[in-house]
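One structure is given below, encoded as structure tokens.
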Amino acid sequence: GISRNPCRRARQFLEAAHQFRNLPAMVHAEKGLGRFLRRLPGRKILLTNSSGDYARQVLSILGIAPFFERIIPIETMCIAGRYTPKPSRRFFQHLPVLLKAASSRCILIEDDIQSLKTAKIAGMKTVLVTRYLNRSHQSTHAYARPRRKTSAGRPSYVDARVGSVLRLARCLAGK
């Protein structure tokens, strides 16, 4: 049966929606991603608007699951029984509590401009990732044209901008 609980209903829907016949053939990563994540300092937590099962499968296919301390999938983005997925302001304000970390010590690395905006308001540092391996699958999020940009060519709520996650080490060294 269908649950009345919005968080449980989200889980049921996402489990059904994230069934793929040949997921390994669909998943690609930049060469050296595992080595990069192994050397990257700090806690690594995957915050995703996909289901937890799907996220775990993708991390496993990529061989990078061991580098992530935790996965926070969309179906768990509930606060006081209310479904509040990213880019919810309420969720981003609650995230540092959930992680037991000061918001100023959290860095959101993301392609979604609205999530970056909300994370910045919550006191986090932000990094915009703008490029993907397969250009036909580019996110419309990262390529949105924000109205206000700093002299560095990025919106004021973006602390750094990288074309690739493999460029994070250089970017985060200055943070």
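Not measured: the values here are computed from a predicted model. All values below were derived from every heavy atom in this structure, side-chain atoms included, with hydrogens, water molecules and symmetry-related copies excluded. For this chain, numbers begin at 1 and follow the sequence in order.
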- Evaluation steps, side chain to side chain contact (heavy atoms under 4.5 Å, CB included), between Ile45 and Ile72: CA-CA 7 Å; Ile45 297 161; Ile72 301 174; 3.8 Å; yes
Check: [Y] and [X] side chains under 4.5 Å, non-hydrogen atoms:
X: Ile64; Y: Phe36; answer: no
X: Phe92; Y: Thr84; answer: no
X: Leu47; Y: Leu95; answer: yes
X: Met124; Y: Pro96; answer: yes
X: Tyr83; Y: Ile74; answer: yes
X: Asn22; Y: Pro24; answer: yes

- Message: side chain to side chain contact (heavy atoms under 4.5 Å, CB included) for Leu166 and Leu33? Distances and angles first, verdict last.
- Response: CA-CA 7 Å; Leu166 295 178; Leu33 184 59; 4.1 Å; yes
- Message: Taking Ile121 as the starting point, is it possible to reach Ile113 by hopping between hydrophobic residues whose side chains are less than 4.5 Å apart?
- Response: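 No; Ile121 is not reachable from Ile113 via cluster members.
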- Query: Leu59 and Phe68: side chain to side chain contact (heavy atoms under 4.5 Å, CB included), yes or no, with the steps?
  - Reply: CA-CA 9 Å; Leu59 292 179; Phe68 287 86; 3.8 Å; yes
Distance check, rounded to the nearest 0.5 Å: [X] atom [atom1] versus [Y] atom [atom2]?
X: Ser50; Y: Glu75; atom1: OG; atom2: CD; answer: 8.0 Å
X: Leu108; Y: Asp159; atom1: CG; atom2: CG; answer: 10.5 Å
X: Arg56; Y: Ser51; atom1: CZ; atom2: OG; answer: 7.5 Å
X: Lys125; Y: Ile109; atom1: NZ; atom2: CD1; answer: 11.5 Å
X: Arg35; Y: Leu40; atom1: CZ; atom2: CG; answer: 14.0 Å

- Test log, rule salt bridge (charged side-chain N to carboxylate O under 4.0 Å, His left out), inputs Lys86 and Asp112: CA-CA 10 Å; Lys86 69 178 187 170; Asp112 176 50; over 6 Å; no
- Note on the structure: All heavy atoms of Arg90 vs all of Ile79, minimum pair found to be O-CD1, 3.5 Å
- Determine the minimum heavy-atom distance between Ala101 and Cys106, stating which atoms define it. CB-SG, 4.2 Å
Does [Y] offer a backbone N or O that forms a donor-acceptor pair with the side chain of [X] under 3.5 Å?
X: Arg43; Y: Leu99; result: yes
X: Thr118; Y: Gln114; result: yes
X: Lys44; Y: Gly42; result: yes

- Side-chain donor-acceptor pair under 3.5 Å between Glu30 and Ser164, yes or no?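 The criterion, which ignores hydrogens and geometry beyond distance, is satisfied for Ser164 and Glu30.
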- Message: Before you tell me yes or no, could you show the steps for Ser88 and Met77 under side chain to side chain contact (heavy atoms under 4.5 Å, CB included), namely the whole-Å CA-CA distance, both residues' side-chain angles and the distance that decides it to 0.1 Å?
- Response: CA-CA 9 Å; Ser88 161; Met77 294 180 193; over 6 Å; no
- Answer yes or no: does atom CZ of Arg105 have more than 12 heavy-atom neighbours from other residues, nucleotides or ligands under 6.0 Å? no
- Message: Does Arg89, at its CZ atom, have more than 12 non-hydrogen atoms belonging to other residues, nucleotides or ligands within less than 6.0 Å?
- Response: no
- Using side chain to side chain contact (heavy atoms under 4.5 Å, CB included) as the criterion, point out the one residue from Thr126, Val127, Leu116, Val129 that pairs with Glu110. Leu116
